[in-house]
Amino acid sequence: MGSFNASFGEGFILVGFSDWPQLELILFVFISIFYSLTLIGNTTIIALSRLDPRLHTPMYFFLCHLSFLDLCYTTSTVPQLLINLSRLDRTITYGGCVAQLFIVLALGSIESMLLVVMAFDRYAAVCRPLHYTTIMHPLLCLTLAIAAWMGGLMNSLIQTSLMMVMPLCGLHYLNHFFCEMPVFLKLACEDTEGTEAKMFVARAIILVFPAALIVGSYAHIAQAVLRIKSMAGRRKAFGTCGSHLLVVSLFYGSTIYTYLQPTGSYSESEGKFVALFYTIITPMLNPLIYTLRNKDVKGALKKIAGRGRNSG
């Protein structure tokens, strides 16, 4: 039961879903399909936002960043999960595990901050419509996007650094399909209350504070919508915000459940299935949510499809 994180030569075995062998083939098929849909959907959103001039707005600028984050997030975990499910290789080096931990934490943190920025954009669109173009100036949009990326990277750097100095003990088994913080904390071989408290504060700042800001912005949006007298105006305002609110609920619901519960009460078995939700299901659903609920995106799709048929 000696400490083993001093040596980068020693790696881990990712247990994945090998404790449910009857599910591995089913999961492999469905995850392959979901991953393909994620790649197609998010790439389509990015391409449409670049090709259609009507989508050259702050909302779609931030949506492009969200789609790019979802592409990176799924690609950082899913290919390895598919290899794991095919039983070809379940191992990962210590350095690879730390790198994956940093990338996953960074992308998740950036998305958390980006969703706040998108909520501010919706607040400006609904509550300050006459000043929207002045408020959401392209330079401000770029600054907010850079701040989200830098804040997420800094949060991940802090948490990963704290994790790396913790001595880990026991067998080199991670009961998960990728290197995730709660599973790492289970391997700590000494009292980690101080380190866990620092990590909890970092996670609370990157999850609870943004979620509170989003709730506050939508409270103001709801008040503004209720002051609109026409039903058509209300439907348009709710349509503007409904997609984003649904994405926010999916993201924060699953991540807060995983990252803000005490290590002692964290269930590794439950954690794996919850992680499937926010690493695969949510990134796949995001493009569908924005496409199915948004007339601009559907219009851009029809326009590009029609252009393709005419050129053919």
Side-chain angles (χ1 to χ4, degrees), residues 37-73 110-111 113-149 214 217-218 220-222 224-225 227-251 282-312:
L37 291 173
T38 300
L39 295 178
I40 294 168
N42 285 289
T43 303
T44 300
I45 292 287
I46 294 170
L48 288 175
S49 299
R50 302 296 298 173
L51 293 173
D52 194 319
R54 291 176 300 175
L55 302 185
H56 292 173
T57 64
M59 176 180 172
Y60 295 103
F61 171 75
F62 296 127
L63 183 55
C64 273
H65 281 264
L66 181 64
S67 292
F68 179 70
L69 280 171
D70 284 340
L71 284 172
C72 295
Y73 195 75
I110 294 165
E111 183 160 342
M113 299 187 73
L114 186 65
L115 289 172
V116 177
V117 172
M118 294 175 76
F120 174 70
D121 173 67
R122 294 301 84 209
Y123 166 81
V126 175
C127 299
R128 300 288 187 270
L130 299 178
H131 304 285
Y132 177 70
T133 53
T134 305
I135 296 170
M136 299 307 294
H137 188 273
L139 182 59
L140 176 63
C141 292
L142 181 61
T143 303
L144 290 172
I146 292 172
W149 280 85
I214 291 172
S217 69
Y218 272 98
H220 284 91
I221 289 170
V225 169
R227 286 196 294 267
I228 299 173
K229 294 182 180 179
S230 70
M231 287 303 296
R234 287 187 182 184
R235 278 196 297 269
K236 183 179 178 181
F238 277 123
T240 303
C241 305
S243 301
H244 179 252
L245 195 55
L246 185 54
V247 169
V248 164
S249 302
L250 291 171
F251 175 80
T282 303
M284 181 200 68
L285 289 177
N286 285 353
L288 293 174
I289 291 167
Y290 281 104
T291 302
L292 295 175
R293 295 178 59 88
N294 193 294
K295 291 180 180 178
D296 293 333
V297 176
K298 286 189 282 189
L301 269 172
K302 291 177 183 177
K303 181 180 175 182
I304 298 298
R307 190 185 301 170
R309 282 196 298 269
N310 292 334
S311 62

Enquirer: In Å, rounded to the nearest 0.5 Å, how long is the span from CG of Leu66 to CG of Leu115?
Expert: 6.0 Å
Enquirer: Provide the closest heavy-atom pair for Pro283 versus Asn42 in the form atom of the first, atom of the second, distance.
Expert: O-ND2, 3.1 Å
Enquirer: Picking from Val248, Asp121, Ile214, what satisfies side-chain contact (heavy atoms from CB on, under 4.5 Å) with Val116?
Expert: Ile214
Enquirer: Hey, could you give me the CG/CE distance between Leu63 and Met118, rounded to the nearest 0.5 Å?
Expert: 5.0 Å
Enquirer: Can you give me the closest heavy-atom contact between Ser67 and Ile46, atom names plus distance?
Expert: CB-CG1, 3.7 Å
Enquirer: Quick check for you: to the nearest 0.5 Å, what is the distance between Leu144 atom CG and His65 atom NE2?
Expert: 10.5 Å
Enquirer: Identify every side-chain donor-acceptor pair in residues 134-143 under 3.5 Å, counting partners at least two apart or on other chains, and give the distances.
Expert:
from	atom 1	to	atom 2	distance (Å)
His137	ND1	Leu139	N	3.0
Thr143	OG1	Leu139	O	2.8

Enquirer: Apply the test side chain to side chain contact (heavy atoms under 4.5 Å, CB included) to residues Leu250 and Ile289: give CA-CA distance (whole Å), side-chain angles for both, the deciding distance (0.1 Å), then the verdict.
Expert: CA-CA 11 Å; Leu250 291 171; Ile289 291 167; 3.7 Å; yes
Enquirer: Would you compute the distance between atom CZ of Phe68 and atom CH2 of Trp149 and round it to the nearest 0.5 angstrom?
Expert: 5.0 Å
Enquirer: Strictly by salt bridge (Lys or Arg N to Asp or Glu O under 4.0 Å), give each pair with a member in residues 123-135 just once, sequence neighbours left out.
Expert: none
Enquirer: Quick one: pull up OG1 in Thr38 and CG in Leu71 and give me the separation to the nearest 0.5 Å.
Expert: 8.0 Å
Enquirer: Apply side chain to side chain contact (heavy atoms under 4.5 Å, CB included) to the pair Ile221 and Tyr218, showing each step before the final yes or no.
Expert: CA-CA 5 Å; Ile221 289 170; Tyr218 272 98; 3.8 Å; yes
Enquirer: Identify the heavy atoms of Met59 and Tyr132 that sit nearest to each other, and give their distance.
Expert: N-OH, 4.1 Å
Enquirer: CD1 of Ile110 to CG of Leu69: how many Å apart, nearest 0.5 Å?
Expert: 5.5 Å
Enquirer: Does His220, at its NE2 atom, have more than 12 non-hydrogen atoms belonging to other residues, nucleotides or ligands within less than 6.0 Å?
Expert: no
Enquirer: Run the side chain to side chain contact (heavy atoms under 4.5 Å, CB included) test on Arg54 and Tyr60 for me, step by step, so that the C-alpha distance in whole Å, both residues' side-chain angles and the decisive distance to 0.1 Å come before the verdict.
Expert: CA-CA 10 Å; Arg54 291 176 300 175; Tyr60 295 103; over 6 Å; no
